[in-house]
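To start, the structure itself, in structure tokens.
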Amino acid sequence: MMIREEMEIISHERIAEDTYRMVLLGDLPAEIKQPGQFVHILIDQSDSLRRPISIADADPAKGTLTILYKILGKGTAALSKMQSGDHLDVLGPGGNGFLIDSISAERALLVGGGIGVPPLYYLARQLKEKGIEVTTVLGFQHEASVFFEEEFRELGEVFVTTNDGSYGNKGFVTDILPDLDGRFDTYFSCGPAVMLKAVSEKLDGYEGYLSIEERLGCGVGACFACVVQAPEGDAKGYRKICHDGPVFRTGEVIL
Amino acid sequence: MMIREEMEIISHERIAEDTYRMVLLGDLPAEIKQPGQFVHILIDQSDSLRRPISIADADPAKGTLTILYKILGKGTAALSKMQSGDHLDVLGPGGNGFLIDSISAERALLVGGGIGVPPLYYLARQLKEKGIEVTTVLGFQHEASVFFEEEFRELGEVFVTTNDGSYGNKGFVTDILPDLDGRFDTYFSCGPAVMLKAVSEKLDGYEGYLSIEERLGCGVGACFACVVQAPEGDAKGYRKICHDGPVFRTGEVIL
Amino acid sequence: MTKLNLSLPGLDLKNPIMPASGCFGFGKEFSEFYDLSELGAIIIKAATGETRYGNPTPRVAETSAGMLNAIGLQNPGVDRIISDELPYLSNYDTPVIANVAGSTVEEYVEVAEKISQSSTIKALELNISCPNVKEGGVQFGTDAALAAEVTRQVKQASEVPVYVKLSPNVTDIVGMAKAVEKAGADGLSMINTLTGMRLDLQRRKPIIANQTGGLSGPAIKPIAIRMIYQVYQEVDLPIIGMGGIETVDDIIEFLFAGASAVAVGSANFKNPFICKELIDQFPEAMERYGFDQVEEMIGGAHR
Amino acid sequence: MTKLNLSLPGLDLKNPIMPASGCFGFGKEFSEFYDLSELGAIIIKAATGETRYGNPTPRVAETSAGMLNAIGLQNPGVDRIISDELPYLSNYDTPVIANVAGSTVEEYVEVAEKISQSSTIKALELNISCPNVKEGGVQFGTDAALAAEVTRQVKQASEVPVYVKLSPNVTDIVGMAKAVEKAGADGLSMINTLTGMRLDLQRRKPIIANQTGGLSGPAIKPIAIRMIYQVYQEVDLPIIGMGGIETVDDIIEFLFAGASAVAVGSANFKNPFICKELIDQFPEAMERYGFDQVEEMIGGAHR
Ligand SMILES: Cc1cc2nc3c(=O)[nH]c(=O)nc-3n(C[C@H](O)[C@H](O)[C@H](O)COP(=O)(O)OP(=O)(O)OC[C@H]3O[C@@H](n4cnc5c(N)ncnc54)[C@H](O)[C@@H]3O)c2cc1C
Ligand SMILES: Cc1cc2nc3c(=O)[nH]c(=O)nc-3n(C[C@H](O)[C@H](O)[C@H](O)COP(=O)(O)OP(=O)(O)OC[C@H]3O[C@@H](n4cnc5c(N)ncnc54)[C@H](O)[C@@H]3O)c2cc1C
Ligand SMILES: Cc1cc2nc3c(=O)[nH]c(=O)nc-3n(C[C@H](O)[C@H](O)[C@H](O)COP(=O)(O)O)c2cc1C
Ligand SMILES: Cc1cc2nc3c(=O)[nH]c(=O)nc-3n(C[C@H](O)[C@H](O)[C@H](O)COP(=O)(O)O)c2cc1C
Ligand code: FES
Ligand code: FES
């Protein structure tokens, strides 16, 4: 069930260029169903809209969850100014994540781009726990923006690409994919729309799950701000990212 | 000269019901010309208008000034939440105060009502320093709202009235005035419009100075939000409270 | 005892607070947060004759003390609303108001006729003010003759009272209100959103794919209060007031201006519990201003 | 080298940033805060034929991300503005724009004729949009035929170019803009304030003595941007844009929408140094978005 609560910030640190990790404490983590869900944060009470941020990790027993975010505009800039001990108005957990319980994967490929990396970490941890082998490809702009490489390495093999080659392999995540052919049966991806499109084209034929972003209104499925079109023939014709997603099976929606 | 600066709050405390004293530190106090001037405070950067608050005391040498304010609405409520060490966006000193240098008073009567009391304190201190005898009448709603009686007592005789009689004399400041006839030559008053009107009628014939309130816009004399009418025949026809006032000689403006 | 309830045409309200159309879907999502029976009423998302997909995304953008939206009347169409959405709402002890939209007078009439036959629907809100669709919607709301015509025809077709939702994007709001009053409206609902735009400075294009969107939120409250105040003086219809409501003080301001009840829109996005919280806080607020009956507060600023 | 200057009818601007009418008096007060020669231009307070005292107080109220004002065109009258206020402004190397108001076409013409003869005045801003006076002002700004008529006559009387200041309180802003373009306007200035109201809940009356007031500030920016964007597409006149500007990003949004220059109004009340600060910050902001000439930015969202 989604709840709304004032969560306490128990740690907050910069982990890469404009990128921060924040750990929050409260009752909300106990409600998390799957990796890939998000929290909807009211950063300032005078804001009109909440900001959706993926749950990057969680420890329901301890009541903690981790978010990783990048400063993009007004809201995330304000968020970065907050300090341990401050409280944050959080609504969540929202949406449907990666349905790992119903997945019969044995070897998983995770493909994350930039600030799309966070939800994959919680996913990777849970896949590993289920005994599924995890290979990860992470794409960043340049060296300064790389984060969580080590964390993923603890869970399996990791490839890093940067657009300018300043770290890891030069190029895009899709440049790595051909080398990995045959080393996985299911893939999971999150990142900018163009990347998701390219990844799903390259990995056509594999079972795949994509986490999609769009500007949200309510975040609870009521306002139709966040719809994405479903393919011709679909009964409803659309999906709500905040409610039906943000994670969809490839082909379920038109990228 | 008016300046704008981030002043540091160096003390802040509740002194009566909904009433607070705050001491601010900065360069602005050095610019104060007279008692009766005000500072124009931007309490929250998202506010559209500043709030005018009288300078209740100042020590230009130390760079401090004191304000006393009452919680009335959104702005003053937010102000009351601020803490020592916080900074406040202050513009000032604004307006023309009590022109004590050009006043030939020997015995002064000060009449303050409620949150009109503050500017009279700085005035009283300066009158006293000039060797002028000070008698003060302070009116409040009830016992819980009384403040600064002791401070004024150090400077001269003090009479307190409360509307409900819960402290001092029951009634209005004007009830005291007849008893004081002949004990002063000049009076100074600040308080709600109705009180100022009543006081100036009771004390007709005396030289008197009134500090007037109105909702301000710019606070610097540019927007014409704060005008008050001058009597028939006046060349300009009006005065700006923020710029020509807030202190006016009786008769200079229509109450 | 404070008396929160009041009766308006077609509506027995247990309190004057309801969610605004388009900001509450068909209620289901919010039923996870609180019991919908607590609401004074529910205004559901706009219904059109056929399924509409709406505008491309992005459909929302934040602005100072407000937001823009251009959903474009996405909805499953009147038939599926009746078959799939209304049955669920009939479980609650709360009057449901259907928001009726269309591209032509015929479509308005068709939707009104069908949905007003549902026993769940206690009134219609005639949406002649949606600024986010190319056809229909706002041109009916900015031309007094068209507004009167669609009101007249919908009134004939409807089994339940009709509240006409006025657009604030007009020179003469009182003229619009009088026109629909004369055409037989049972009530007014005001205001819908103001047409606005925000640019993405990086892309140098409007953020909202539809370019313009409807501005809602506290930013527009002074305009809503002004329009309701003016219309209350000239028109003899009950008004459901809306536009930027976030607090009980806001609600009281709308009632004093002349609204008989209020709807809360965008604030549901900041806080999905807002309607319930406002309902809980309302009796105390009434007392603070010296009232024990909602009815006494209506138009309080005009006395 | 970034090129901040540009030429508009009658105006050689060293930068596109100026204070808006009514928010800067006749400049004198702000000359204590910075050198007025730094400003792109100065738009002075409205001038009418005779001295006007204006509306009773209170004249201002705060709203969410905005404020209401109903000054009511208080001013010393055109003759005393010419004799008492303009000489001081002529000391500065900044074009001065006179805001011209009136109750009748004749009054507009009289004021325009007189003040445009001053060598200090480089252009007129024809204020047909003041919502805060009973007579004149906004009715000229909400009726296209009247707007055209007053524009035509003022154009004939004026020695300097005429920018017509449009009211946003209209159904069809593009129609208004086209009407004054056809009538000979040299430019547009938009937007004036939206008519709004706020109630004092204790007194149960409007806070502003005039009841309604003009809403300005960031709250109205999305409406200003939308209107300028729409007018830029249909009308071939330079636009001085205004409505809620507080930051250099706001200015860039106005330029991209189609404004050639901008005016800063209520923000002067929050921060009397705002115009100078924005001018200082502007070159860097231009660079950040990849521009080195203001002219290239104008209408950037339309390409
Ligand atoms: C399901 C989901 C999960 C996300 N997870 C993360 C995450 O883990 N870490 C992270 O850094 N970011 C994540 N994002 C993107 C994040 O929501 C935006 O970067 C953030 O809202 C930008 O807010 P802002 O105030 O800084 O930007 P502004 O541009 O000032 O925001 C203005 C408005 O636009 C919306 N907005 C702007 N950009 C985006 C965007 N790319 N996606 C969605 N809304 C946007 C904001 O929510 C806000 O309503 C996620 C988005 C979605 C939809
Ligand atoms: C020259 C001058 C000196 C003042 N000195 C003091 C003082 O020393 N101590 C003190 O407590 N108060 C003083 N006041 C009154 C004080 O400015 C208001 O109480 C305060 O602005 C209320 O703000 P708010 O946000 O709490 O109320 P809100 O009602 O939320 O304010 C909304 C707006 O209305 C204005 N406003 C509301 N009430 C008043 C009022 N009575 N006078 C002027 N503006 C008002 C506010 O400034 C603001 O712009 C003074 C006023 C003036 C004009
Ligand atoms: C996302 C969104 C969708 C809306 N959809 C509708 C709609 O379908 N029909 C309608 O009449 N009004 C619609 N509105 C307008 C609201 O019902 C309301 O009139 C307006 O938002 C002002 O209220 P607020 O400021 O409380 O949001 C919508 C508003 C928003 C924000
Ligand atoms: C206090 C005040 C007085 C104003 N007086 C005038 C005026 O005399 N003439 C005029 O054309 N506009 C006047 N305006 C409107 C402004 O020039 C400007 O168009 C409007 O405020 C929007 O800009 P802003 O949001 O930056 O304030 C006034 C605005 C305010 C706030
Ligand atoms: S954000 Fe409102 S339905 Fe998804
Ligand atoms: S407040 Fe602007 S002139 Fe006094």
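A note on names: the letters A, B, ... follow the listed sequences, proteins ahead of strands, and every chain is numbered from 1. Computed from heavy atoms alone, side chains included, the values below leave out hydrogens, waters and symmetry copies.
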Could you please show the donor-acceptor pairs under 3.5 angstrom between chain C and chain A, with distances rounded to 0.1 Å?
{"residue": "G25(C)", "atom": "N", "partner": "A222(A)", "partner atom": "O", "Å": "3.2"}
{"residue": "Y53(C)", "atom": "OH", "partner": "Q229(A)", "partner atom": "N", "Å": "3.2"}
{"residue": "T57(C)", "atom": "OG1", "partner": "E214(A)", "partner atom": "OE1", "Å": "2.9"}
{"residue": "R59(C)", "atom": "NH1", "partner": "F224(A)", "partner atom": "O", "Å": "2.6"}
{"residue": "E62(C)", "atom": "OE1", "partner": "R51(A)", "partner atom": "NH1", "Å": "3.2"}
{"residue": "E62(C)", "atom": "OE1", "partner": "R51(A)", "partner atom": "NH2", "Å": "2.9"}
{"residue": "E62(C)", "atom": "OE2", "partner": "S48(A)", "partner atom": "N", "Å": "2.9"}
{"residue": "E62(C)", "atom": "OE2", "partner": "L49(A)", "partner atom": "N", "Å": "2.9"}
{"residue": "E62(C)", "atom": "OE2", "partner": "R51(A)", "partner atom": "NH1", "Å": "2.9"}
{"residue": "G66(C)", "atom": "N", "partner": "S48(A)", "partner atom": "OG", "Å": "3.0"}
{"residue": "G66(C)", "atom": "O", "partner": "S48(A)", "partner atom": "OG", "Å": "2.8"}
{"residue": "K270(C)", "atom": "O", "partner": "R50(A)", "partner atom": "NE", "Å": "2.7"}
{"residue": "K270(C)", "atom": "O", "partner": "R50(A)", "partner atom": "NH2", "Å": "2.6"}
{"residue": "K270(C)", "atom": "NZ", "partner": "Q45(A)", "partner atom": "O", "Å": "2.5"}
{"residue": "K270(C)", "atom": "NZ", "partner": "D47(A)", "partner atom": "O", "Å": "3.1"}
{"residue": "N271(C)", "atom": "OD1", "partner": "R4(A)", "partner atom": "NH1", "Å": "3.1"}

What residues of residues 220-228 of chain A sit under 4.5 Å from chain C when you count only heavy atoms?
-> V220(A), G221(A), A222(A), C223(A), F224(A), A225(A), V227(A), V228(A)
Contacts of type ring-ring contact (aromatic ring centres under 6.0 Å, His included), residue F269(C), not counting sequence neighbours = none
Sorted by chain and residue number, the side-chain contact (heavy atoms from CB on, under 4.5 Å) partners of P272(C) (sequence neighbours excluded) come out as L91(A), F30(C), F33(C)
